[in-house]
Each structure stands twice: as structure tokens, then as C-alpha cells.
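Computed from heavy atoms alone, side chains included, the values below leave out hydrogens, waters and symmetry copies. In what follows, every chain begins at residue 1, and chains take the letters A, B, ... in the order their sequences are listed.
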There are 2 protein chains.
Amino acid sequence: MRIGELSRKTGVPVPTIKYYVREGLLPAGELTSRNQASYDETHERRLRLIRALLDVGGMKVAEIADVLAAVDDPERPLHKVLGAAADRMGGTADGPDDAEAAAARTTVTDLISRRGWRTHESNPAATDLARALAALTRLGHGTFAELLDTYAEAAEQVARADLAYVDRRVAVEDMVEGVVIGTVLGEAVFSALRRLAHVDASARLYGAEGAPGAEKS
Amino acid sequence: MRIGELSRKTGVPVPTIKYYVREGLLPAGELTSRNQASYDETHERRLRLIRALLDVGGMKVAEIADVLAAVDDPERPLHKVLGAAADRMGGTADGPDDAEAAAARTTVTDLISRRGWRTHESNPAATDLARALAALTRLGHGTFAELLDTYAEAAEQVARADLAYVDRRVAVEDMVEGVVIGTVLGEAVFSALRRLAHVDASARLYGAEGAPGAEKS
DNA sequence: CCATGATAGATAGTGGGGCTATCTGATAGC
DNA sequence: GCTATCAGATAGCCCCACTATCTATCATGG
């Protein structure tokens, strides 16, 4: 198909498609002449993936380029893809390197060993976690750390389900992409579920229809 | 204290503090003369909250302004604050209104009634969830929906812990802010934990050889 | 009492990100 | 031939989170 049809099928404007090609998110169409190229279903699928990662996953174009480069790498070390997909969170800001930060790192190390997780504190996710905990402490919510084990248990539950899902995918080439989709879109799914569950829990705890608080006034 | 000291204590540049005041994130200092204003600990605390919401929570300045306006509202309907804090996810993009979108909305409605959640599908989170599920389906991962109940269970677990935490806060004025902090930073915490758990689950499933290198990069 | 430096407030500019518009040839397909 | 479309390249646009600059006004120490 030509670029116009690709655009119509996916709802992505032609100039935007060209932009994605320039940025390395989408392979160029196969040139059939100096000014004609043909695109196939792989382009269509890739384009949909890009939009999902952008719109639902909230990823940046440059991050998507990294992840897709990893996906397309024939060597495809699964953990590198996962890393590229996950590292997107890592705020570039390093924050202050104070007492709270040190305490938070210790908390993370303790958690990892307590749960017997086969990961290391050098994992970017561990850094992100420590940063979040440090921020919490600086805001006077250091006791939030008491919830860590509950959170960790829920995270394990979700991670087990994710991995089981990916594992049951037949084709390996689908698996790599499935990891990316599961990691990124799964986060959006869980985030929405958490917000829904908040409303429900709030309704149960405070009785009223999703409207607790305000009892004060 | 004067603005310079506030800046030094929080690490936020003076022009940035002025910018936050302009944008309504931070109340102006109390003028002691035409060109002097004094700031106190509430400003310091608010400034730290802003930076946490920005850097760790990934919120936009305008979103933070909405949330903080709700926090400062004496009427403080807690659910409105929560709404302001949660609605930040809702992509402005509405996406195609096709068969996948309709099916996804049905899936969400079913899930809500199946779990007996006291919320309504008009909740923005429900819309976000439907959008994520529709994107998954369009990517050929409609079966991901099989994980929904596992995800929902984990979300309930987390939500119960969150609410219990907030409820045990003594002062009500801290409670409202606590909800915001818990909702936004809690998401960052869970996200990091999920990524750590992914690495662990991956190591367990594929053996120490396949994935543990994931910590490297 | 004056010099120095910080400050309030206002306006303009900056750099990154994600497109979008326009232009130049060169085809495709009728 | 004639018109619509296309590849490729360049330039521009809008949003966002700051950041720089400028003026007038004080605070303070010598």
C-alpha cells in the first residue's frame, strides 16, 4: 500500500508518518521508484504500536525509538528490551543527595533482600523507588514506607501474571514485542484500576458515594 | 524568611519560585514593603510538594495548579481533590471510536460490576482503562484482558492499604494533602516495584542465565 | 546618609518536544 | 497529457517549563 492508505488506515497524518520514519520509529517503505514506496501490514502494526506507546503509555518519541531499536535487534536480549522499556521513567533529575536519599536507598536494599528478589539495587527501578521514598520522607510521609510490603506483594502478583502471559505467547518474535506492550500498557491498565479501586475503597470506608472527607466541614 | 533563603533551603532557583507563584502553584509571600515579602515553612513545604509532584510524579505544572487549588479549597470535597489528582492521566486524545473501543468499554463495565466496585463507568479512570484495553486489542493482545482480574485484585490490595494509611492520619488538613501525595507518589512507588518484580519474576522463570543481566542496563 | 545588593513585579527569551506546512521534483494512473 | 499523489528536505508552529533581563524599590552596614 502507499503512504496515503497507511495514513487512512491508522489515522496518522502523512507528515507525521514521515516524521516517525525520520526519527527511526518506523522503517521506511520499500522504494518502488524514486518517489514511490510501498508499505505493508508490518508498518501498519508498528504505527499502531507507536501510537499506543505515545498516547496510552505516555512515552516520548526518543524513548520509543530506543525501545523499538531493541525490539528490532536480531540479538534481542530480552532483558535489554525490558530495560529500554522500563528505564523511561528514570527522571533525569537526580535530586539532592542528602540524608533522606541515603535512608531511602537503604530501605530499598532492605526490601529487595527481605523479599528475596533476584535483582540488584543498581537497577534503575531501584533508584526511582528510592527517589520516590526520599520525596515522601521529605514531605513528612516517611511512614508511607510501612505500605511497602503490601505494595511489593501486589507488584509480585502483577509481575507473575505478566510473565506468565508473555511466556504463553507462542512465537518468540511476538514475545519480545509482547514484553514491551505488557510493560508499558500494563502500567496504564494498572494505574487506571488503582484509581477505580481507590474510589471503591473510599466509598466502603466512608460510606458515601465515592465522597469521603469533607466530614470536617 | 526572604525568597533567597527559601531558594537556598529548597534548591529551587528564585526565578522558578516566582514562576510558580505566577502560575498559582505557590501562594505569594506576605509583603512587608513594596519589594520585600516574607515566606514561611508553609511555603517551603508547598515548594517541596510541587517539586515532588513534578519530578517524581511526572505531573504538569497546570495539573499541579488544579490539584493544589482543590487542596487549598476550604470546602475540600476529598473526591474532587482525588479526581483532580487522578485525572492527570487522561490523555487529551480521544482515540478512534471504533468497535475495539466499544468492546473495551463493555469489558470495563463488566469488570466493575463483577468486582462489585462502587464506582461508575463515567469515572475518567474507567475511560483510561478502556482506552488502554482498546489499544491492547488493536495490537493483537486482546487476551491481555484475561489478566484483568489479577490486576484488579492487586489494585484492590493497594487501594485498601492506601486508604487505611490516609485514614490513620490524625489531622484532617494533612489528610487531604496525604491523599494527593499517596495517589501520585504511590503510583511512582508501585511502578518502580513492578519493574523490580518483573526482573525477579523473569529471573525465576527463565533461570539465572537468561535475564538476570537485566540489572546491568 | 550613602553605597551595595537583594527584592518584587513585569516582559521577553530559550530549548526541547511533537508535530505541521511548504516546496521541489518525480511518478502513477487514467 | 493531466491531475493527484508521493519522497525527501527544510522551515515553522505551539506548548511547556523555565530563565534572563530590566525597573523601581527597599534593607542594611559602614
Side-chain angles (χ1 to χ4, degrees), chain A residues 1-40 43 47 49-68 88-95, chain B residues 1-40 43 46-47 49-68 88 90-95:
Chain A
M1 79 185 92
R2 300 194 296 169
I3 201 171
E5 189 180 348
L6 180 61
S7 169
R8 252 171 277 115
K9 277 190 178 176
T10 60
V12 180
V14 170
T16 303
I17 295 175
K18 290 184 176 182
Y19 165 67
Y20 291 158
V21 172
R22 280 201 303 278
E23 295 301 312
L25 303 191
L26 187 69
E30 193 183 353
L31 279 177
T32 60
S33 66
R34 186 186 302 263
N35 67 331
Q36 296 285 305
S38 78
Y39 302 82
D40 56 26
H43 292 93
L47 209 37
L49 175 57
I50 292 169
R51 294 315 283 236
L53 260 25
L54 264 179
D55 299 339
V56 182
M59 290 180 70
K60 294 185 191 175
V61 166
E63 293 165 347
I64 296 176
D66 288 348
V67 170
L68 294 183
R88 69 191 192 75
M89 296 289 309
T92 47
D94 269 350
Chain B
M1 77 184 93
R2 299 195 295 173
I3 203 173
E5 190 180 348
L6 180 62
S7 170
R8 252 170 278 117
K9 278 190 178 176
T10 60
V12 180
V14 169
T16 303
I17 295 176
K18 290 184 177 183
Y19 166 67
Y20 291 158
V21 171
R22 280 200 304 277
E23 296 300 313
L25 303 191
L26 187 68
E30 193 184 352
L31 280 178
T32 60
S33 66
R34 190 187 299 262
N35 68 331
Q36 295 286 302
S38 79
Y39 302 82
D40 56 25
H43 292 93
R46 172 57 59 94
L47 209 37
L49 176 56
I50 293 169
R51 293 317 281 236
L53 261 25
L54 265 178
D55 298 339
V56 181
M59 290 180 70
K60 293 184 191 176
V61 165
E63 293 165 346
I64 296 176
D66 289 347
V67 170
L68 294 183
R88 70 191 194 77
T92 47
D94 269 351

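Atom CG in L25(A) sits about 13 Å away from atom C1' in dG17(C), given to the nearest Å. We find that OH of Y19(A) is positioned 19 Å from P of dA7(D), with the value rounded to whole Å. Atom CD1 in I3(A) sits roughly 13 Å away from atom P in dT5(D) (whole-Å rounding). Rounding to whole angstrom units, CD of residue E23(A) and C1' of dG18(C) are separated by 9 Å. The distance between atom CD of E5(A) and atom P of dT5(D), rounded to the nearest whole Å, is 13 Å. When the P atom of dC6(D) is taken as reference, atom CD of E30(A) falls 17 Å away, rounded to whole Å. Rounding to whole angstrom units, NZ of residue K60(A) and P of dA17(D) are separated by 11 Å. Distance CG (L31(B)) to P (dC26(D)): 10 Å, rounded to an integer number of Å.
One N or O on the side chain of E63(B) and one on the backbone of K60(B) form a donor-acceptor pair closer than 3.5 Å.
Taking each heavy atom of M59(A) and L54(A) in turn, the nearest pair found is O-CD2, 3.3 Å.
Sorted by first then second residue, the salt bridge (charged side-chain N to carboxylate O under 4.0 Å, His left out) pairs that include residues 6-16 of chain B, not counting sequence neighbours, are E5(B)-K9(B), K9(B)-E44(B).
Between the side chains of R46(B) and Y39(B), no donor-acceptor pair of N or O atoms lies under 3.5 Å.
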**Q.** Per-nucleotide protein contact string for nucleotides 22-30 of chain C (B base, S sugar-phosphate only, - none; heavy atom under 4.0 Å)
**A.** ---BBSS--

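Counting only heavy atoms from C-beta outward, the side chains of I3(A) and K18(A) approach each other to under 4.5 Å. Within the 4.5 Å cutoff, side-chain heavy atoms of R51(B) are placed close to those of V12(B).
Here the nucleotide nearest the side chain of Y39(A), chosen from dA17(D), dA7(D), dT20(C), is dA7(D).
Tested against L6(B), the residues L47(B), D40(B), V14(B) include a single side-chain contact (heavy atoms from CB on, under 4.5 Å) partner, L47(B).
For dC18(D), the OP1/OP2 oxygens have a side-chain nitrogen or oxygen of Y20(B) closer than 4.0 Å.
Closest-nucleotide positions on DNA chain D for V21(A) and R51(B) were compared, and the one nearer the 5' end corresponds to V21(A). Comparing L54(B) and A28(A), the nucleotide of DNA chain D nearest to each residue sits closer to the 5' end for A28(A).
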